[in-house]
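Residue numbering restarts at 1 for every chain, and letters A, B, ... go by the order of the sequence lines.
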Number of protein chains: 2
Amino acid sequence: MIDAERKFREYLSEKGLRFTSERLAILLHVMSLHEHFAVDDLHHQLRQKGLSISHATVFRTLALLIDCGIVQKLPCEKMPARYEHIFGHVHHDHMFCLRCGRIIEFHNAPIERWQQKVAEEHRFQMTGHHLIIRGYCEKCH
Amino acid sequence: MIDAERKFREYLSEKGLRFTSERLAILLHVMSLHEHFAVDDLHHQLRQKGLSISHATVFRTLALLIDCGIVQKLPCEKMPARYEHIFGHVHHDHMFCLRCGRIIEFHNAPIERWQQKVAEEHRFQMTGHHLIIRGYCEKCH
DNA sequence: GTTGCAATTGAAAACGAATATCAATAGTAT
DNA sequence: ATACTATTGATATTCGTTTTCAATTGCAAC
Ligand SMILES: [Mn+2]
Ligand SMILES: [Mn+2]
Ligand SMILES: [Zn+2]
Ligand SMILES: [Zn+2]
C-alpha cells in the first residue's frame, strides 16, 4: 500500500466515509500521473484501463482528494480546471504559456517569504496562495 | 472627455470597431466604480440608471475593455468572475478572505522583481501575472 | 444631409463545466 | 449474515457565459 492510500483511508475513516474500489482506482491513477490533467483526461484514461467509473464520481472523488490534501486544483483562466497530485511533492507555482499551453513549474523562496511578510503586515492569516505567471515559453517567443 | 474614453475611442478606431452609446455608458460606469464587481452588479446598476443595456452587451463590452487594458478580470475560485478598472492605477495583487469575502489589495515591489527574475531564469517572456493570497482577514481570524 | 454597408444590438437559444437527484448497489460495523 | 447508510451511475439541472440572427445604428463616402 502506498503512503497516499494510507492517508486517504485515514481521511475517509475519520469522516465516516467509505473506501470504495472507485476511489482507490482514481487515487492510484492520479498518483501515477506526473502532468497536470483535466477531469475529462482522467475519465478517459480510466475508461481505457477498462474501468467504467462515471463522470460524477470522478468529480466527487477529486473533491475528496483535494480536501484530503493529496490533490491540488489549478486556477485556470479558461475552463476546464486542471488538477495535479501534490502528495509527496514540495510546493511550487506555475507559468502558463499563452501560445502552446505548456505549464512550467517553479519554486522561489524569496517570493514565498515576502508573501508571508505582506500577509502579516495586513494582519491577514494566510492559508494558501496561487501565483500564475502568464506569457510565452522559450519555444514560443 | 476623460482619458479612459480617449483611450477606448482610439482602441476601437484602430480595430475598425464603433464607439456606441452602450459602450460609452458601460465605460463611464466602470470608471466610476471603485470596487471589484461582478457582471450582474454592473448590469443591475446600469438598469437602475435607466439604461437598458443587455446582458450580452455588458459581457461583450467588458471583453473589449480588458483587451484595451482599461479593465482587469480577477481569477476568482468561485464564479462569477470579478472585474475592476485598472486604467490610471498602479499594479496591485489581492488577498481574498475565505469567510467574509473581503478583497484586500496590496503591492510588493520585491515580489514583482523576483517574478521577473524567475521568468528570466526559465527564458520565459512574462506578459502578466496573478497572485492571490487566500486566508482570513483581520476581522475573521 | 443622404446613402450604403458592415458593425452592433437585444432577445432568445445554445453551450458546457460542474452539481444535484434518486433508485439501485455496495462498504462497514455488529 | 444482517442492517444500515454511504456511494454509485444515469440522467436531469444549474448557471455563468457565448452564440445566433434579424433589426438597428455608427460612420464614412458621396
Ligand atoms: Mn504543478
Ligand atoms: Mn483590485
Ligand atoms: Zn509555449
Ligand atoms: Zn474576512
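Residue A/His43 contributes atom NE2, which lies 9 Å from atom P of D/dA10 at whole-angstrom precision. Computed from coordinates, the A/Arg82 CZ to C/dA18 C1' distance equals 15 Å when rounded to whole Å. As rounded to whole Å, 11 Å separates atom C1' of C/dT9 from atom CD1 of B/Ile26. We find that CG of A/Leu24 is positioned 15 Å from P of D/dT7, with the value rounded to whole Å. Rounded to whole Å, the distance from CD1 on B/Ile53 to C1' on C/dG10 is 11 Å. At whole-Å resolution of the value, CZ in B/Arg23 and C1' in C/dG10 are 14 Å apart. Atom CG in B/Leu62 sits about 12 Å away from atom P in C/dT9, given to the nearest Å.
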Could you pull out every donor-acceptor pair under 3.5 Å between side chains of residues 7-19 of chain B and any protein atom, sequence neighbours left out?
unit_1, atom_1, unit_2, atom_2, d
B/Arg9, NH1, B/Glu5, OE2, 2.5
B/Tyr11, OH, B/Asp67, OD2, 2.5

Could you tabulate the donor-acceptor pairs under 3.5 Å formed by side-chain atoms of residues 132-141 of chain A, not counting sequence neighbours?
unit_1, atom_1, unit_2, atom_2, d
A/Arg134, NH2, B/His130, NE2, 3.2
A/His141, NE2, B/Arg123, O, 3.2

Distances under 3.5 Å between protein N/O atoms and the N/O atoms of nucleotides 12-18 of chain D, please, pair by pair.
unit_1, atom_1, unit_2, atom_2, d
D/dT17, OP1, B/Ala81, N, 3.4

Under 3.5 Å between N/O atoms: give me all the protein pairs with nucleotides 22-30 of chain D, atom names plus distance.
unit_1, atom_1, unit_2, atom_2, d
D/dG26, N2, B/Arg18, NH1, 3.4
D/dG26, N2, B/Arg18, NH2, 2.6
D/dG26, N3, B/Arg18, NH1, 3.2
D/dC27, OP1, B/Phe19, N, 2.9

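Close to C/dA7, at under 4.0 Å from its OP1 or OP2, lies no side-chain N or O of B/Arg60. OP1 or OP2 of D/dG9 has at least one side-chain nitrogen or oxygen of A/Thr57 nearer than 4.0 Å.
Annotation: side-chain contact (heavy atoms from CB on, under 4.5 Å) contacts of A/Ala63 (sequence neighbours excluded): none. Legend: residues meeting salt bridge (charged side-chain N to carboxylate O under 4.0 Å, His left out) with B/Asp3, ordered by chain and number and at least two apart, are B/Arg6.
In the model, B/His92 has no side-chain atom that pairs as donor or acceptor with a side-chain atom of B/Gln72 under 3.5 Å.
Of the listed residues (A/His94, A/Lys73, A/His89, A/His34), just one forms a side chain to side chain donor-acceptor pair (under 3.5 Å) with A/Glu84, and that residue is A/His94.
With rounding to the nearest 0.5 angstrom, the CG atom of A/Leu33 is 14.0 Å from the OH atom of A/Tyr83. Between the CE atom in B/Met95 and the NE2 atom in A/His129 there is a gap of 12.5 Å [rounded to 0.5 Å].
In this structure, B/Leu65 and B/His85 have side chains that are not in contact, with every pair of non-hydrogen atoms separated by 4.5 Å or more.
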